[in-house]
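Below is one structure, written out as structure tokens; comments come after it.
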Amino acid sequence: MSISFYNTLTRKTEEFIPMNEGEVRMYSCGPTVYDYFHIGNARSFVMSDIVRRYFEFRGYRVTYVMNITDIDDKIIKRANEQGVPSSEIAETYTEAFLHDSARFGIRPADVFPRATETMDEIIAHIQGLIEKGAAYNVNGDVFFRVSAFKEYGKLSRKNIEELEVGARIEADTRKENPVDFALWKSAKPGEPSWDSPWGKGRPGWHMECSVMSQKFLGETFDIHAGGNDLIFPHHENEIAQSEALTEKTFARYWMHFGFLNIDNEKMSKSLGNFFTAREIVEKFPAEVIRFYYLQTHYRSPLNFTHEGLDAAKTGLQKLQGLYDALREASGGTGPFDVKHFEQRFITAMDDDFNTPAGFGVLFEMVREANSILHGSGGMEEGSREALIDFLRRSCIGLFGILREESGGGATGELVGGLMDLLIGIRADARKEKQYALSDRIRDGLKELGVVLEDSRDGTKWKLSNE
RNA sequence: GGCGACGUACCCAAGUGGCUAAGGGGACGCUCUGCAAAAGCGUUAUUCAUCGGUUCGAAUCCGAUCGUCGCCUCCA
């Protein structure tokens with residue numbers, strides 16, 4: 001049994017065979033830090049993180065690198081608008097990126113290389129391309145000579161001739177060919193710049209990713225991931241400028257994440273349907289948003305709706321409910337075959353990280369487990385522990401969608417004490433059949449956002465907004 | 001114009017040649033409960049945008065049509 005997934009390079013689902021057995025070297029395109037990232041970015045970051053975690057779940061050792069583009073036209077533009085140094089913009093939003101990622105439950109990469117800290121390697125790479133005849137300097141701007149790389153277009157399936165006649169390429173008379181792209185941009189007055197053999201300037205956008213990935217993962221590595229829109233030109237250009245120099249395969253497998261739309265339209269500031277990750281995570285727990293993302297396959301477009309999030313929230317409560325109940329339960333007699341479900345779960349996930357199919361298995365498991373757990377015999381101790389262990393590994397370690405502390409556990413001693421008192425009073429009232437009083441307590445608490453659930457073992461409470 | 005993706009129930013969404021078309025949400029009925037909630041059980045697609053074709057067999061392959069969307073040098 002092995003993991004297979006769709007490789008954009010071959011347009012086929014392929015069995016994953018790592019360069020080094022048991023090891024995955026993976027690079028994911030990170031943010032350009034000129035603004036808060038939005039819920040579409042968040043989807044890509046979450047899915048990329050899930051891919052990394054699934055490899056770990058399956059026993060691989062993963063080296064995961066995500067770049068931070070901290071010098072770029074957009075950063076300079078934002079800096080000029082606000083009248084501050086571009087380094088300040090970059091710092092502010094790098095910090096915001098790390099903070100918001102953490103709130104989304106996205107695990108930090110092993111390395112977060114930054115473009116400004118990789119300048120020597122970038123310059124050396126460009127120098128190498130010039131020496132090979134694959135790049136040329138025009139008064140301090142260095143361009144990649146696309147005609148020097150015969151395989152240009154192999155990722156995006158475009159051919160150079162068609163690109164040349166494309167109307168959207170701006171004529172730049174300095175270029176030998178309109179499809180050539182910038183590796184090094186000469187500094188305009190007032191722009192941040194670094195010294196280079198071609199004068200002061202800064203790297204082109206595509207350049208940094210090639211260099212940063214190879215710096216930490218080697219000239220050839222296993223997986224390169226990013227949003228769908230990066231296939232062309234970004235990833236195409238990365239391949240060209242990398243392979244033209246090394247004459248080796250750059251990334252062996254390419255993964256691309258589907259876009260997130262809102263009301264079936266692309267999210268954009270001009271349409272007014274733009275949401276940052278930090279504003280949405282104020283309204284919904286990160287676990288709910290993650291679960292919502294995971295219910296759609298990573299390559300499919302995801303239409304983001306408020307109703308969808310509500311539905312995800314309800315669905316997730318079912319999973320959390322089982323997890324909570326399992327931990328509170330005591331030994332019983334009913335056996336439960338966790339292994340069977342875990343096997344089916346792995347089969348689903350091994351097939352192109354099919355998280356929706358994985359949840360299909362998980363929810364079938366939830367139903368059967370609840371049925372045994374709440375049944376007359378309860379669940380046998382070994383099965384219960386095995387199931388808790390599987391839920392921990394799958395829904396916490398892998399997906400990050402369940403909480404260890406749910407319900408009122410995290411609200412503090414005073415609230416806990418008050419709740420015990422109220423529940424005690426209500427229990428006495430119920431014993432005396434004073435249902436008007438007991439319902440008054442339950443209804444009143446409900447209005448305050450506290451839900452009571454009576455069971456054979458007593459009354460449990462939880463907060464309704466979780 | 002070029003390249004590509006998609007259309008499965010009321011909503012979301014797996015399935016891509018062969019057992020009864022997963023799963024979640026919603027709705028309705030039932031069990032449990034003092035009543036609820038939670039949980040369970042049952043019902044909710046003889047049919048997969050439409051029309052043809054290939055095949056013993058098609059949601060799945062091929063063709064056409066309709067519709068939606070993405071990329072084609074800012075983009076996750």
Side-chain angles (χ1 to χ4, degrees), chain A residues 11 28-32 34 37-48 72-74 77 153 156-159 161-163 165-170 172 178-182 204-206 225-234 236-237 256-261 264-268 291-292 295-297 299-303 305 307-308 310-319 321-322 324-325 344 348 351 354-364 366-375 430 433-435 438-439 442-443 446 451-456 459-462 464:
Chain A
R11 306 278 158 108
S28 189
C29 277
T32 298
Y34 71 105
F37 67 89
H38 55 68
I39 54 176
N41 297 311
R43 182 189 184 200
S44 288
F45 297 151
V46 167
M47 294 316 300
S48 186
D72 173 85
D73 291 350
K74 280 179 290 197
K77 182 168 173 254
S156 58
R157 307 268 162 125
K158 296 185 188 302
N159 63 67
E161 293 73 35
E162 279 171 9
L163 288 169
V165 298
R168 289 178 62 168
I169 296 176
E170 282 177 41
D172 185 334
V179 296
D180 290 350
F181 56 89
W205 173 45
H206 317 298
N228 240 330
D229 55 332
L230 296 182
I231 295 172
F232 189 87
H234 186 56
E236 193 69 64
N237 290 355
H256 291 96
F257 305 111
F259 255 54
L260 179 150
N261 298 313
N264 290 315
E265 284 196 274
K266 189 168 170 172
M267 178 166 55
S268 78
F291 176 58
Y292 184 46
Q295 279 183 296
T296 298
H297 187 86
R299 286 194 279 119
S300 301
L302 168 66
N303 194 34
T305 63
E307 296 73 43
D310 283 336
K313 183 176 161 185
T314 311
L316 186 54
Q317 274 167 357
K318 201 167 178 174
L319 214 45
L322 172 65
D324 294 343
R344 287 178 56 207
D351 181 11
N354 194 334
T355 53
F359 279 111
V361 175
L362 251 25
F363 276 99
E364 277 182 49
V366 169
R367 180 163 19 96
E368 195 174 307
N370 270 325
S371 165
I372 291 170
L373 191 65
H374 298 286
R430 290 177 70 209
K433 296 197 191 303
Q434 293 178 32
Y435 295 122
S438 68
D439 287 350
R442 187 173 63 195
D443 295 344
K446 193 178 178 186
V451 181
L452 295 189
E453 289 174 13
D454 296 329
S455 75
R456 222 163 283 161
T459 299
K460 285 186 291 184
W461 65 277
K462 63 178 188 182
S464 61

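The basis for the numbers below is simple: all heavy atoms, side chains too, and nothing from hydrogens, waters or symmetry mates. Computed from a prediction, not measured in an experiment: that's the story for all the values here. Residue numbers start from 1 in every chain, and the chains themselves are labelled A, B, ... in the order their sequence lines are given, proteins ahead of strands.
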Sugar-phosphate only, base, or nothing, as touched by A/L260 at under 4.0 Å among non-hydrogen atoms: base

Interatomic distance where CG belongs to A/D324 and C1' belongs to B/rA37 [whole Å]: 15 Å

B/rU60 to B/rU16 separation - P atoms, rounded to the nearest Å: 12 Å

Comparing A/K74 and A/E453 on RNA chain B - which has the more 5′ nearest nucleotide: A/E453

Full working for side-chain contact (heavy atoms from CB on, under 4.5 Å) between A/M267 and A/H38: CA-CA 9 Å; A/M267 178 166 55; A/H38 55 68; 3.1 Å; yes

Stacking of A/F359 on B/rG23 base (centres under 5.5 Å, planes under 30°): no

Rounded C1' spacing from B/rC48 to B/rA58 in Å: 11 Å

Separation of atom CD1 in A/I231 from atom C1' in B/rG4, rounded to whole Å: 9 Å

Salt-bridge criterion met for A/R430 and A/D454 (N-O under 4.0 Å): yes

Base-pairing assignment for B/rC74 (Watson-Crick or G-U wobble, both under 3.5 Å): none

Presence of donor-acceptor pair under 3.5 Å, side chain of A/R442 and base of B/rA36: yes

Between SG on residue A/C29 and CG on residue A/D229, distance to nearest 0.5 Å: 9.5 Å

Touch class at under 4.0 angstrom, heavy-atom based, for A/G315 against every strand present: sugar-phosphate

N/O donor-acceptor pair, side chain A/D310 with base B/rG25, under 3.5 angstrom: no

Phosphate contact (B/rA76 OP1 or OP2) by A/N41 side-chain N/O below 4.0 Å: yes

Pair partner, B/rG23 [Watson-Crick or wobble, under 3.5 Å]: B/rC12

Listed nucleotide nearest any side-chain atom of A/V179, set B/rC71, B/rU73, B/rG25: B/rU73

Watson-Crick or G-U wobble partner of B/rG42, both distances under 3.5 Å: B/rC28

Integer angstrom distance from the P of B/rG40 to that of B/rA5: 40 Å

Euclidean distance, atom CZ of residue A/F363 to atom P of B/rG23 [Å, nearest integer]: 12 Å

Length of the CG-P vector between A/D454 and B/rU33, whole Å: 12 Å

Whether A/H206 and A/H234 hold their rings parallel, tilted or perpendicular, with breakpoints at 30° and 60°: tilted

Sugar-phosphate only, base, or nothing, as touched by A/K446 at under 4.0 Å among non-hydrogen atoms: nothing

A/R11 vs B/rA5: side-chain N/O to OP1/OP2 distance below 4.0 Å: no

Whole angstrom value for the distance that separates P of B/rA37 from CG of A/N370: 16 Å

CA sep, side-chain torsions, deciding dist, call: A/H297, A/N354, side-chain contact (heavy atoms from CB on, under 4.5 Å): CA-CA 6 Å; A/H297 187 86; A/N354 194 334; 4.1 Å; yes

Nearest to side-chain heavy atoms of A/K266, which nucleotide of B/rC71, B/rA39, B/rU73: B/rC71

Interatomic distance at P, B/rA37 relative to B/rC28, whole Å: 12 Å

Complementary nucleotide for B/rC48 - Watson-Crick or wobble, under 3.5 Å: none

N or O in side chain of A/K158 less than 4.0 angstrom from B/rG4 OP1/OP2: no

Nearest-0.5 Å distance that lies between atom OG in A/S28 and atom CE in A/M47: 11.5 Å

Sugar-phosphate only, base, or nothing, as touched by A/Y435 at under 4.0 Å among non-hydrogen atoms: base

Side-chain N or O of A/K318 closer than 4.0 Å to phosphate OP1/OP2 of B/rG24: yes

Watson-Crick or G-U wobble partner of B/rC35, both distances under 3.5 Å: none

Plane angle bin for A/F363 and A/F291 - parallel if under 30°, tilted between 30 and 60°, otherwise perpendicular: tilted

Euclidean distance, atom CZ of residue A/R157 to atom P of B/rA5 [Å, nearest integer]: 10 Å

Interatomic spacing from NZ in A/K318 to CG in A/L322 - rounded to 0.5 Å: 10.5 Å

Distance, C1' atom - from B/rA39 to B/rU8, rounded to whole angstrom: 30 Å

Between B/rG1 and B/rG25 - P atom distance, rounded Å: 45 Å

Assigned partner base of B/rC6, Watson-Crick or wobble definition, under 3.5 Å: B/rG67

side-chain contact (heavy atoms from CB on, under 4.5 Å) assessment of A/R43 paired with A/F257: CA-CA 8 Å; A/R43 182 189 184 200; A/F257 305 111; 6.0 Å; no

B/rC61 pairs with, by Watson-Crick or G-U criteria that keep both distances under 3.5 Å: B/rG53

Under 3.5 Å, which protein N or O atoms sit close to an N or O of nucleotides 9-16 of chain B? Give each pair with its distance.
unit_1, atom_1, unit_2, atom_2, d
B/rA14, OP1, A/H297, N, 3.0
B/rA14, O3', A/N354, ND2, 2.9
B/rG15, OP1, A/N354, ND2, 2.8

Phosphate contact (B/rA76 OP1 or OP2) by A/N228 side-chain N/O below 4.0 Å: no

Sugar-phosphate only, base, or nothing, as touched by A/K460 at under 4.0 Å among non-hydrogen atoms: nothing

Sugar-phosphate only, base, or nothing, as touched by A/L452 at under 4.0 Å among non-hydrogen atoms: base

Rounded distance (Å) that lies between atom P of B/rA76 and atom CZ of A/F257: 14 Å

RNA chain B: 5'-proximal contact among A/V361 and A/G40 (nearest heavy atom): A/V361

CA sep, side-chain torsions, deciding dist, call: A/D439, A/R442, side-chain contact (heavy atoms from CB on, under 4.5 Å): CA-CA 5 Å; A/D439 287 350; A/R442 187 173 63 195; 3.5 Å; yes

Interatomic spacing from CD in A/E453 to CG in A/D324 - rounded to 0.5 Å: 9.5 Å

Spacing of A/D443 atom CG relative to B/rA37 atom P, expressed in whole Å: 12 Å

Between B/rA49 and B/rC6 - P atom distance, rounded Å: 12 Å

B/rC69 versus B/rG23 - spacing of their C1' atoms, nearest Å: 26 Å

Sugar-phosphate only, base, or nothing, as touched by A/R43 at under 4.0 Å among non-hydrogen atoms: nothing

